[in-house]
Number of protein chains: 2
Amino acid sequence: MSSDERRAEILLAAHAVFGARGYEGATTDEVARAAGVSQPYVVRLFGTKESLFLAVLHDALDQLLDGFRAELTSADDERSVQDRMGTAYLELLQVRGLHQTLSHAFLLGGHPVIGPAAREGFIKVWRFLRDEVGFDADTAQAFLAEGMLINTMIGLRLIDEVDADDGIHELFETCFPTTMRAVRDVAPRGDEPW
Amino acid sequence: MSSDERRAEILLAAHAVFGARGYEGATTDEVARAAGVSQPYVVRLFGTKESLFLAVLHDALDQLLDGFRAELTSADDERSVQDRMGTAYLELLQVRGLHQTLSHAFLLGGHPVIGPAAREGFIKVWRFLRDEVGFDADTAQAFLAEGMLINTMIGLRLIDEVDADDGIHELFETCFPTTMRAVRDVAPRGDEPW
DNA sequence: GTCTATAGGATGATAGAC
DNA sequence: GTCTATCATCCTATAGAC
């Protein structure tokens, strides 16, 4: 396999591992095993754990903005822009760990290397919503806020509780109005490693 | 100093350290130094790092609900319930790291011990907003969502960017309508450890 | 392109003194 | 109630072979 293909595989695995355990909690060894390679090889390809995390962060932001742009330019649709952006956001749940990795990064603002990268990424998203999508400040803020709540609910593995707790079922229906069934299919579950 | 007083001091320090670095990133040694005691003594008082984190998590949830309840019962006020709950939430920024610790915990849903505790806490907050505060599902969801966005912005140390970036200034004004100056005084900043 | 072996450093927890 | 000393584990990163 080419080095580029391996990098892509490792990146995919790293989304899941960093997403589930966070930057410090994740180990390069677990990423390696999830990708089916040896731990030193992960380090060889990405230099350090830190730069691997940065690569995952940038990849997540790229996929996020690309997903938004794709929905934005597919004009054959009568849904509102807000609906479309929401759909694009939930589509990305198929990349296991992406949302959680973003949230983890956003909590590390005090980190000397990850902090600046995370701030830059967050600001880029805000700019995109305001300038390219055309949301006004209140709409962009509400959209972002709902996104953070979704990340939280995914990270909490709250979905495992949906069938047991009626109040939470209600919260899920409010957050995932039309897509709830789809979300339940792709969201990470408690029976996965960690 | 009595054991209880020490526990309280360590708990306070642990909020800040866990909030800034996350559960895995934080070290018991850093908590100890922040509290002015030795590392083994922290372990002695709390058993393990894990149970220290659980203690911090429970303390954060207690302070959160207590803060909400206090605002709820102080009737000498014409502000809306929503405004009051928002104020109570921002007041807690004075407990350095509390919001970020909550967010960190909420991202660890896959952890065998922290996961269940975090889910339970989150559901308790949801129940409180619905049953005791009386929010309808949409209001409670929006309130929670905005809370998660605030946590994110605090964790990102975005406040350092407010003066440099007009778009972010706008986001802050939307999130912290009346309290922005107060928030800027209490929010963690980049020049703190990490 | 990928692995095995391993060095080196950090960290949670224990033992035991005062 | 609190500390010093220290063990054992885990983890990132390097060396070097195939």
Side-chain angles (χ1 to χ4, degrees), chain A residues 1-57 97 101 104-105 108 110-114 117 193-194, chain B residues 1-57 97 101 104-105 108 110-114 117 193-194:
Chain A
M1 182 175 296
S2 82
S3 166
D4 279 353
E5 287 171 311
R6 267 298 183 227
R7 280 184 69 94
E9 279 193 352
I10 292 172
L11 225 44
L12 191 67
H15 273 289
V17 175
F18 280 126
R21 304 219 205 266
Y23 170 60
E24 300 278 2
T27 67
T28 54
D29 187 57
E30 194 173 7
V31 172
R33 273 186 279 110
V37 298
S38 70
Q39 181 268 332
Y41 191 48
V42 169
V43 176
R44 173 79 126 215
L45 283 185
F46 287 88
T48 64
K49 177 181 170 178
E50 186 179 274
S51 63
L52 170 61
F53 187 79
L54 289 178
V56 173
L57 173 57
T101 299
H104 273 120
L108 296 180
H111 189 288
V113 176
I114 296 171
W194 251 55
Chain B
M1 184 174 297
S2 82
S3 168
D4 279 353
E5 287 171 310
R6 267 298 185 228
R7 281 183 69 93
E9 279 193 353
I10 293 173
L11 225 44
L12 190 69
H15 275 288
V17 176
F18 280 125
R21 304 218 205 270
Y23 170 60
E24 300 278 2
T27 67
T28 54
D29 186 56
E30 194 172 8
V31 172
R33 272 185 281 110
V37 298
S38 70
Q39 179 267 334
Y41 192 47
V42 169
V43 176
R44 173 80 125 213
L45 282 186
F46 288 89
T48 64
K49 178 180 170 180
E50 188 178 272
S51 64
L52 171 60
F53 187 79
L54 289 179
V56 173
L57 174 57
T101 299
H104 277 298
L108 296 181
H111 190 286
V113 176
I114 297 171
W194 253 58

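To find a chain, count down the sequence lines: A is the first, B the second, and so on, and within it residues start at 1.
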Quickly work out the [X] [atom1] to [N] [atom2] distance and round it to whole Å.
{"X": "B/L45", "N": "C/dT14", "atom1": "CG", "atom2": "P", "answer": "14 Å"}
{"X": "A/D29", "N": "D/dT9", "atom1": "CG", "atom2": "C1'", "answer": "14 Å"}
{"X": "B/E24", "N": "D/dC10", "atom1": "CD", "atom2": "P", "answer": "13 Å"}
{"X": "A/F46", "N": "D/dT12", "atom1": "CZ", "atom2": "P", "answer": "15 Å"}
{"X": "A/F18", "N": "D/dC11", "atom1": "CZ", "atom2": "P", "answer": "13 Å"}
{"X": "A/R44", "N": "C/dA5", "atom1": "CZ", "atom2": "P", "answer": "17 Å"}
{"X": "B/K49", "N": "C/dT11", "atom1": "NZ", "atom2": "C1'", "answer": "8 Å"}
{"X": "B/R7", "N": "D/dG1", "atom1": "CZ", "atom2": "C1'", "answer": "14 Å"}

Problem set entry | Six-ring centre of A/Y23, A/K49 cation under 6.0 angstrom, axis tolerance 45° |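 Ring-cation test returns yes.
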Exercise. Would you call B/E30 and B/R33 a salt bridge, taking side-chain N to carboxylate O under 4.0 Å as the test?
Worked result: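 Answer for the salt bridge query: no.
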For this session: Scan B/T27 against the nucleic acid and name what it touches under 4.0 Å (heavy atoms): base, sugar-phosphate only, or nothing.
Result: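 Sugar-phosphate, no base atom in range.
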For this session: Check every strand shown and say whether B/A32 touches a base, only sugar-phosphate, or nothing at a heavy-atom separation below 4.0 Å.
Result: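 Here B/A32 touches no strand at all.
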Nucleotide of [options] approaching [X] most closely (side-chain heavy atoms):
{"X": "B/T28", "options": "C/dG12, D/dT14, D/dG1", "answer": "C/dG12"}
{"X": "B/V37", "options": "C/dT4, C/dT2, D/dC3", "answer": "D/dC3"}
{"X": "B/P40", "options": "C/dT14, C/dG1, D/dA13", "answer": "C/dT14"}

For this session: Look at the side chain of B/T28 and the backbone N and O of B/Q39, then say whether any donor-acceptor pair between them is shorter than 3.5 Å.
Result: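 A pair under 3.5 Å: no.
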Exercise. Hey, is the side chain of A/R6 poking within less than 4.0 Å of OP1 or OP2 on C/dG1, counting only N and O atoms?
Worked result: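 A/R6 to C/dG1 OP1/OP2: no side-chain N or O under 4.0 Å.
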Exercise. If only side-chain N and O atoms of B/S38 are considered, is one of them under 4.0 Å from the OP1 or OP2 phosphate oxygen of D/dT2?
Worked result: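 So the side chain of B/S38 is outside the cut-off, no N or O lying under 4.0 Å from OP1 or OP2 of D/dT2.
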For this session: Nearest 0.5 Å please: distance from the CZ atom of A/F46 over to the CZ atom of A/R7.
Result: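 Rounded to the nearest 0.5 Å, the CZ-CZ separation comes out at 4.0 Å.
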Exercise. Mapping B/M1 and B/Q39 onto DNA chain D by nearest heavy atom, which one lands closer to the 5' end?
Worked result: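 Per heavy-atom nearest nucleotide, the more 5' residue is B/M1.
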Exercise. Which atom names give the shortest non-hydrogen contact between A/A13 and A/A34, and what distance separates them?
Worked result: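 Closest heavy-atom pair between A/A13 and A/A34: CB-CB, 3.8 Å.
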